[in-house]
**Student:** 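Please find one structure pasted underneath; my questions will follow.
Sequence positions, counted from 1, serve as the residue numbers for this chain. When a ligand or atom number is given, it counts from 1 through the structure's own listing order.
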Amino acid sequence: MALVSAKEMLEQARKGKYAVGAFNTNNLEWTKAILKGAQESNSPVMIQTSMGAAKYMGGYQVCYDLVKDLIDSMGITVPVALHLDHGEYEDALECIKVGYTSVMFDGSHLPFEENLEKAKEVVSFAHANGVSVECEVGSIGGEEDGIIGAGELADPKECKLMSDTGIDFLAAGIGNIHGSYPENWTGLSFDTLKEIADITEGKPLVLHGGSGIPLDQVQKAISLGVSKINVNTECQEVFAAATRKYIEEGKDLEGKGFDPRKLLAPGTEAVTNLVKERIEWFGSNGKA
Ligand SMILES: [Zn+2]
């Protein structure tokens with residue numbers, strides 16, 4: 001199946017009260033792991049690259065070719081959207097030209113008016129190419145900003161203005177944080193989420209920092225309008241843990257255990273298992 005825009009899959013999720021997982025990829029193994037997990041769960045899926053991961057992999061064209069060709073060679077039949085995560089303006093435009101089917105333009109670090117203006121430009125270019133657009137209002141905290149107890153809360157009025165630019169889905173801070181959650185984290189703000197969902201009138205909402213939010217909070221957020229959940233850190237953690245176990249058990253020293261195809265297999269399998277587990281959490285299994 002060809003890559004698809006994320007617009008329809010997220011609108012269906014919003015209506016059906018489930019969410020689509022957006023998993024970050026870093027290389028061949030992760031891309032295969034995510035596609036395999038989605039296919040075995042019969043679930044729509046978003047594969048996303050950060051700007052840094054795309055650079056690491058050799059550029060946006062390489063990412064696009066890799067995902068597209070694996071969909072063919074693996075016989076993937078579930079809908080897959082290739083999405084740029086937290087893109088700068090220029091990167092969003094480049095991804096659209098290369099063939100990404102969805103982009104996030106993150107202008108949350110800009111003055112709000114400029115964020116809004118640039119969002120409109122990205123929307124117009126993206127939609128002319130059948131590509132869906134995510135934008136962010138406020139900002140979502142994270143490790144790079146130092147550990148904080150509560151993530152930021154977006155201003156619902158700004159959410160409404162951003163939603164009205166014609167973007168397809170909206171990321172807004174509701175107390176979520178990138179990376180691991182600190183022990184004193186106060187949880188998601190469902191009041192803020194409800195306000196944003198009401199004022200944006202059914203626009204699919206995106207939950208960033210989906211790693212480590214407890215199941216009950218994830219499911220409540222979905223019931224209130226979250227339709228896309230980003231998962232990155234958790235995949236990294238299970239990949240590293242499984243690889244560590246393989247090496248600590250000395251398996252790389254047995255026979256041809258040092259072969260990268262063997263060395264990377266346990267981590268890859270762990271990513272597939274996590275993807276399948278999260279798809280079940282989000283309720284998108286069987287929704288392809
Ligand atoms: Zn994010």
**Student:** Do the ring planes of H208 and H178 sit parallel (below 30°), tilted (30 to 60°) or perpendicular (above 60°)?
**Tutor:** perpendicular
**Student:** Listed by chain and number, what are the ring-ring contact (aromatic ring centres under 6.0 Å, His included) partners of Y60, not counting sequence neighbours?
**Tutor:** Y100
**Student:** Tell me whether the guanidinium CZ or amine NZ of K118 lies under 6.0 angstrom from the six-membered ring centre of F105 and within 45° of its axis.
**Tutor:** no
**Student:** Provide the protein N, O or S atoms situated under 2.8 Å from the Zn ion (ligand 1); waters are not included.
**Tutor:** H86 NE2, H178 NE2, H208 ND1
**Student:** When you check the side-chain N and O atoms of H127 and D168, is any donor under 3.5 Å from an acceptor?
**Tutor:** yes
**Student:** Write down the atom of T49, the atom of T25, and the distance for their closest heavy-atom approach.
**Tutor:** CG2-CG2, 3.8 Å
**Student:** Is L35 close to V78 at the side-chain level, that is, under 4.5 Å between some pair of heavy atoms?
**Tutor:** no
